[in-house]
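Worksheet: one structure, shown below.
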2 protein chains.
Amino acid sequence: MASSAPELSPRGRQLVAAARDLLEEGGPEALSMRTLAARVGIRASSIYKHLAGREDVEAAIVADGLREFAEACEAAVAGAPDPLAALGGAYRAFARAHPHLYRLINDRPLPRALLPDGLEARAAAPLAAALGGDPDRARATWAFAHGMVMLELTDRFPEGADLDAAWRSGLRALGGAATG
Amino acid sequence: MASSAPELSPRGRQLVAAARDLLEEGGPEALSMRTLAARVGIRASSIYKHLAGREDVEAAIVADGLREFAEACEAAVAGAPDPLAALGGAYRAFARAHPHLYRLINDRPLPRALLPDGLEARAAAPLAAALGGDPDRARATWAFAHGMVMLELTDRFPEGADLDAAWRSGLRALGGAATG
DNA sequence: GTCTATACCCGGATAGAC
DNA sequence: GTCTATCCGGGTATAGAC
């Protein structure tokens, strides 16, 4: 079972926010204890009064990002005529707006022990609801969305590929009735 | 246009093979110029007589791995009654057998300038053929396979999830006729 | 809580002797 | 082609003064 993340001091929250900014601006290489300290005007050694280390910093960013992602998905499906299409659009939009954050969250194992209880399930719920209770189809559709986003972010599609059309084609196929 | 990779000396080939072993055994962190040199019994500085640097080493591993992947896909579809299912099985089997190699190849931009001409296209051809000329559906199916593999490798599916069933569900949906 | 100073580890890469 | 020696950079983390 996941355990709730510990409360952070104001300075701790400031550090996490600055760390996220550094990550989103310059990718993982841009986020080091030294650069993070410099961003908030202290020394690297002082960070350890507020956060246990780099893993703690990253886990806090993941928790914030995952919550925002869940909120975006919930907002997208609310009242949408085609929830699956709305969800796909929100998924892709989040990844394109926050590519480094998306990869920090989704491209490696989750730091589950450092995340708030229930957050992972909350993020997964809208897709499960849109697929109407077929968990295999929901997982397949999640994989499709994650794969589309990762291949786009890593520049793997050929020049001129119509990614909107690929999204439509995939969601149309996967959104149909599951037959086994 | 991609340019052919330069020929390697026997020592160069030995270094690339050793580098791939280190990667597959211990992941990216296990592959450094120093560990690589130690593996073949020389000093790190001597590597630079055979390879331009780390990027060169990684590109050579990618080229070898991508060729092997293409061969595995070609073998899987040859004479298979259900080419798409065969391709899916070969795709997942390769990723599970070589997780670190899979990620080196597929989880970041390709070093196209250092790869042999035509290799990227060769690796993509079997899937395009299995999807019968619908490029959008082929891209969607590629994304599905990549997503399934990445989510499995990064331990993102819930405990007890039936991944075989998710693969079947996704491939069945995506393999149907494209309608738009 | 922050500082200075420091320690330790790792990495990629180069110069020049042999 | 290999070596030694070295440089530079990065990272995490700690001790002790203030």
Side-chain angles (χ1 to χ4, degrees), chain A residues 5-63 100-101 103-104 107-109 111 113-114, chain B residues 5-63 100-101 103-105 107-111 113-114:
Chain A
E7 294 296 317
L8 288 180
S9 63
R11 187 61 117 178
R13 292 266 13 129
Q14 181 191 14
L15 282 163
V16 172
R20 173 175 169 174
D21 288 344
L22 285 167
L23 174 75
E24 297 216 42
E25 290 166 11
E29 307 81 17
L31 173 56
S32 74
M33 302 302 269
R34 295 186 217 259
T35 57
L36 172 55
R39 179 62 70 100
V40 304
I42 63 175
R43 300 294 165 166
S45 55
S46 303
I47 297 176
Y48 297 88
K49 298 287 185 183
H50 308 277
L51 296 155
R54 187 191 170 98
E55 284 190 9
D56 245 46
V57 177
E58 291 181 352
I61 299 173
V62 168
H100 296 298
L101 178 62
R103 295 198 62 159
L104 185 75
D107 201 18
R108 53 177 177 164
L114 300 174
Chain B
E7 294 297 316
L8 288 181
S9 63
R11 185 63 115 182
R13 291 259 25 121
Q14 181 193 13
L15 282 163
V16 172
R20 175 174 168 174
D21 289 344
L22 285 167
L23 173 75
E24 297 216 43
E25 290 165 13
E29 308 81 17
L31 173 55
S32 74
M33 301 303 269
R34 295 187 216 261
T35 58
L36 173 56
R39 180 62 71 99
V40 304
I42 62 176
R43 300 290 170 171
S45 56
S46 302
I47 296 176
Y48 296 86
K49 296 291 183 181
H50 306 279
L51 295 154
R54 188 194 169 96
E55 284 190 8
D56 244 47
V57 177
E58 291 182 351
I61 299 174
V62 168
H100 296 298
L101 179 61
R103 295 197 63 158
L104 185 76
I105 295 172
D107 202 16
R108 54 176 176 163
L110 278 178
L114 300 175

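The structure displayed is predicted, hence computed values, not measured ones.
- Between the CG atom in Leu36(B) and the CD1 atom in Ile42(B) there is a gap of 7.5 Å [rounded to 0.5 Å].
- When heavy atoms are screened at a 4.0 angstrom cut-off, Ser46(A) is found touching base atoms of the nucleic acid.
- Counting non-hydrogen atoms of other residues, nucleotides and ligands closer than 6.0 Å to CD of Glu25(B) gives a total above 12.
- Position along DNA chain D of the nearest nucleotide to Leu31(A) versus Lys49(A) favours Leu31(A) as the more 5'-ward residue.
- Only one option out of Asp56(B), Leu15(B), Val40(B) pairs with Ile47(B) in a side-chain contact (heavy atoms from CB on, under 4.5 Å); it is Leu15(B).
- Between Asp107(B) and Arg103(A) there is a salt bridge, since a side-chain N of the basic residue sits under 4.0 Å from a carboxylate O of the acidic one.
- In terms of modelled atom types and a separation under 3.5 Å, the side chain of Arg54(B) and the main chain of Leu31(B) share a donor-acceptor contact.
- Each of Arg43(A) and Arg34(A) was matched to the nucleotide of DNA chain C holding its nearest heavy atom; the match closer to the 5' end belongs to Arg43(A).
- The residue Gly12(A) sits apart from the nucleic acid: no heavy atom pair falls under 4.0 Å.
- If you take CZ on Arg39(A) and CD on Gln14(A), they are separated by 11.0 Å, rounding to the nearest 0.5 Å.
- Between Ser45(B) and dT14(C) there is no side-chain N or O to OP1 or OP2 distance below 4.0 Å.
- Atom NE2 in His50(B) sits about 17 Å away from atom C1' in dG12(C), given to the nearest Å.
- Residue Arg54(B) places none of its side-chain N or O atoms closer than 4.0 Å to OP1 or OP2 of dA13(C).
- Reading DNA chain D from its 5' end, the first and the last nucleotide to sit under 4.0 Å from a heavy atom of chain B are dG1(D) to dT4(D).
- Protein atom CG of Leu36(B) is 9 Å distant from nucleotide atom P of dG12(C), rounded to whole Å.
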